[in-house]
Amino acid sequence: MNKTHALIKISGSALLAFSLSGCSVSPNYDKSVGEKNSLVIEQQMGLYNNESLDQYVKQVGARLVSNLESPQFDFKFEVVDDPVPNAFALPGGYIYISRGLLNLMNNEDELACVLAHEIIHVTERHSIQQMKRSILPGITQLPGNIVGSVINEDLGNLINTPFAFSSSLLMANYSRSHETESDDLGVELAAKSGYDPMAMGVILTRLNNAVEFETQKETEKSYFDSHPYTPERVSHVNQSASTLNIASKPPIHSDFLSYLNGLVVGDNPESGTFNDGLFLQPTMGFTITFPKEWQTVNQPQVVAAINDTQDGFVALSVTEPKYTAEQTAHRFSQYLEQKYNYAAQVNTVDLPWGASMYNVQLVDDSADKKAFINQYWLDFNDVTYQILTLNTDNNKDEITSSATSLQPITNQQIATITQQEIKIITARNGENLNTLTKRNDSQLSTEGVAVWNGLKENTPLQKDQKVKIVVTQPYKK
């Protein structure tokens, strides 16, 4: 959950599905689809907050686009705040690369080859041809009939809160021919732009090795769902790359690794972090306590928890800034009465730290087990928060306690937050990876450092050679 992004329910109109088998539609269709879904990407995944890295990626992307012949689209390049190694494209020119994939890169050539590959998916309109399911993952929602015979599905839709899945489902599965075409034309575009096309095979292999190292089994994570890794694929792309002439152009920046120094690894505490059931949001300045051992999710538009039996649910989001918490509660109560003739009074809940919440409760007694839906609203730091809960009589106290636990974060709590990040280390004379990782207290093992840097564990390092390691640092607000 991040204040940078609108934490408002995703519009259903943006969750578009495709059943097109060809490209008989105008490129304007690609642009429309891409623009709508780019907003959803920002809401569901969030963009990484690093201006210098963001501008660098945009510059590399712009150089590649400048070497396209008659491009039909205006390309946009963004870094998504996702720890999973990923790169993907939306129709119309929206290219995304995750910080998780940037973590594994070692030079500008590798970045350019990946971006070029995604550019070709766009220019050849592969997603429009291939997608047979929605661009974005489905979202789990509370059932629309939760209020039974009292209130119909319209209200269920009104109060539903998205419970988003991982970004691993974001991309369509490209066909083998589309992947081959993007590999071949992508490395050709990279070479035209002054980049070593052989870097594509290098980053594919490193990515595969890193995922296998992380999972300790054969690759099964997101990037390869849509960009399948095979030794045959790498062999083919290397063969294509070896025949190309590379344009004589210097890199945009000679010290690529400097852009990765400080790059967050794993979960980003800027978007909030869990400590058992306690959720700490240092950038927005609050904490909220969820029941322990519940399944939790933290997305830019919602932070939520649900129990194993799925009869207990707590979700925190942000409402539209048009009304205060009290005004929103009364408007909701009036809506229930006017449209459904359902009387639901507004209750005031005074919190120990001096703030007040406003609550409206709905009761569903149509089933064997009575269910309660509660909406809470709270004004805090110029933001109006909305907390939605679902509970039965069995877990009423536990969920009420969670819903009313939001409070300001303390400096002491902020001081406990740490993050893992990349640190660029200069090797000493005669040093190897094992001594370097131990000397700098790397959180990544020697084997992992070798994989991330594309090195052999036992190979001696050269004096002043730069190596990526992972260290734990205090969270920097």
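Source: prediction; values computed, not measured. No hydrogens, no waters, no symmetry mates; every other heavy atom, side chains included, goes into these values.
You'll find the side chain of Thr283 reaches within 4.5 Å of the side chain of Gln281, heavy atoms only. Looking at heavy atoms from C-beta onward, Leu68 lies in side-chain contact with Val65 at the 4.5 angstrom threshold. Under the 4.5 Å side-chain criterion, counting only non-hydrogen atoms from C-beta, Phe88 is in contact with Ile41. A 4.5 Å side-chain heavy-atom check between Met105 and Ile97 finds at least one atom pair inside the cut-off. A heavy-atom distance below 4.5 Å is found between the side chains of Val303 and Phe290. The side-chain heavy atoms of Ile203 and His117, taken from C-beta on, include no pair separated by under 4.5 Å. With contacts defined as side-chain heavy-atom distances shorter than 4.5 Å, the pair Leu111/Tyr259 does not qualify. With a 4.5 Å cut-off on side-chain heavy atoms, Tyr376 and Leu406 do not count as touching.
Taking every heavy atom of both residues into account, Ile246 and Gly194 meet most closely at CG2-C, 3.7 Å. In terms of heavy atoms, Ala325 sits closest to Leu378 at CB-N, 3.6 Å. Heavy atoms only, all atoms of each residue included: Gly262 and Tyr48 are closest at O-OH, 4.1 Å. Between Ala190 and Leu64 the shortest heavy-atom distance is CA-CD2, 4.0 Å. Looking at every heavy atom in both residues, Leu101 comes nearest to Ala87 through CD2-CB, 3.8 Å. The minimum heavy-atom distance linking Leu47 with Val80 is given by the pair CD2-CG1, 4.1 Å.
With 3.5 Å as the limit, one finds no donor-acceptor pair spanning the side chains of Asn275 and Thr273. With no hydrogens or angles considered, no side-chain donor-acceptor pair links Asn103 and Lys468 at under 3.5 Å. A donor atom on one side chain and an acceptor atom on the other are not found under 3.5 Å apart for Thr418 and Thr472.
Atom CD1 of Ile417 sits about 11.5 Å away from atom CD of Glu270, to the nearest 0.5 Å. With rounding to the nearest 0.5 Å, the separation of OG in Ser193 from CZ in Arg63 is 7.5 Å. Atom NZ of Lys466 and atom CG of Leu461 lie 14.5 Å apart (nearest 0.5 Å). Of the inter-residue distances, the one linking Trp452 atom CH2 with Asn106 atom CG reads 10.5 Å to the nearest 0.5 angstrom. Here the CZ atom belonging to Phe73 is positioned 8.0 Å from the OG1 atom belonging to Thr123, to the nearest 0.5 angstrom. For the atom pair CD (Gln443) and OG1 (Thr437), the distance works out to 11.0 Å, reported to the nearest 0.5 Å.
Counting heavy-atom neighbours within 6.0 Å of Gln473 CD, excluding the residue itself, gives a total above 12. By the neighbour-count criterion of 12 heavy atoms within 6.0 Å, atom CG of Asn28 is densely surrounded, having more than that number from other residues, nucleotides or ligands. Heavy atoms from other residues, nucleotides or ligands lying under 6.0 Å from NZ of Lys463 number 12 at most. The environment of CD in Glu181 is crowded: more than 12 heavy-atom neighbours from other residues, nucleotides or ligands sit within 6.0 Å. Counting non-hydrogen atoms of neighbouring residues, nucleotides and ligands closer than 6.0 angstrom, the CG atom of Asp267 reaches no more than 12 such neighbours. The number of heavy-atom neighbours closer than 6.0 Å to CG of Asp74, taken from other residues, nucleotides and ligands shown, is 12 or below. No more than 12 heavy atoms of other residues, nucleotides or ligands shown are found within 6.0 angstrom of CD on Glu293. The number of heavy-atom neighbours closer than 6.0 Å to CZ of Arg428, taken from other residues, nucleotides and ligands shown, is 12 or below.
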_Asn67 vs Leu189, test: side-chain contact (heavy atoms from CB on, under 4.5 Å). Steps then yes/no._
CA-CA 7 Å; Asn67 286 280; Leu189 176 61; 3.9 Å; yes
*Report the C-alpha distance between Asn261 and Ser258 in whole Å, list the side-chain angles of each, state the deciding distance to 0.1 Å, and finish with yes or no for side-chain hydrogen bond (donor to acceptor under 3.5 Å, both in side chains).*
CA-CA 5 Å; Asn261 201 38; Ser258 66; over 6 Å; no
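Between Tyr385 and the choices Asp379, Thr319, Leu316, the side chain to side chain contact (heavy atoms under 4.5 Å, CB included) rule is met once, by Leu316. The side chain to side chain donor-acceptor pair (under 3.5 Å) with Tyr56 is formed by just one residue from the set His253, Glu108, Glu51; it is Glu108. With respect to Val449, the side chain to side chain contact (heavy atoms under 4.5 Å, CB included) criterion is satisfied by exactly one of Val467, Ile425, Leu455, Asn434: Val467. Under the salt bridge (Lys or Arg N to Asp or Glu O under 4.0 Å) rule, Arg99 has a single partner from Asp81, Asp54, Asp82, which is Asp81. Under the side chain to side chain contact (heavy atoms under 4.5 Å, CB included) test applied with Ile469, the options Ile424, Asn440, Ile422 reduce to a single match, Asn440.
Pairs passing the salt bridge (Lys or Arg N to Asp or Glu O under 4.0 Å) check and including a residue from residues 409-425, sequence neighbours excluded, read Glu421-Lys476.
Between the side chain of Ser98 and the backbone N or O of Val84 there is at least one donor-acceptor pair closer than 3.5 Å.
Judged as a side chain to side chain contact (heavy atoms under 4.5 Å, CB included), and not counting sequence neighbours, the contacts of Val237 are Asp183, Val187, Met200.
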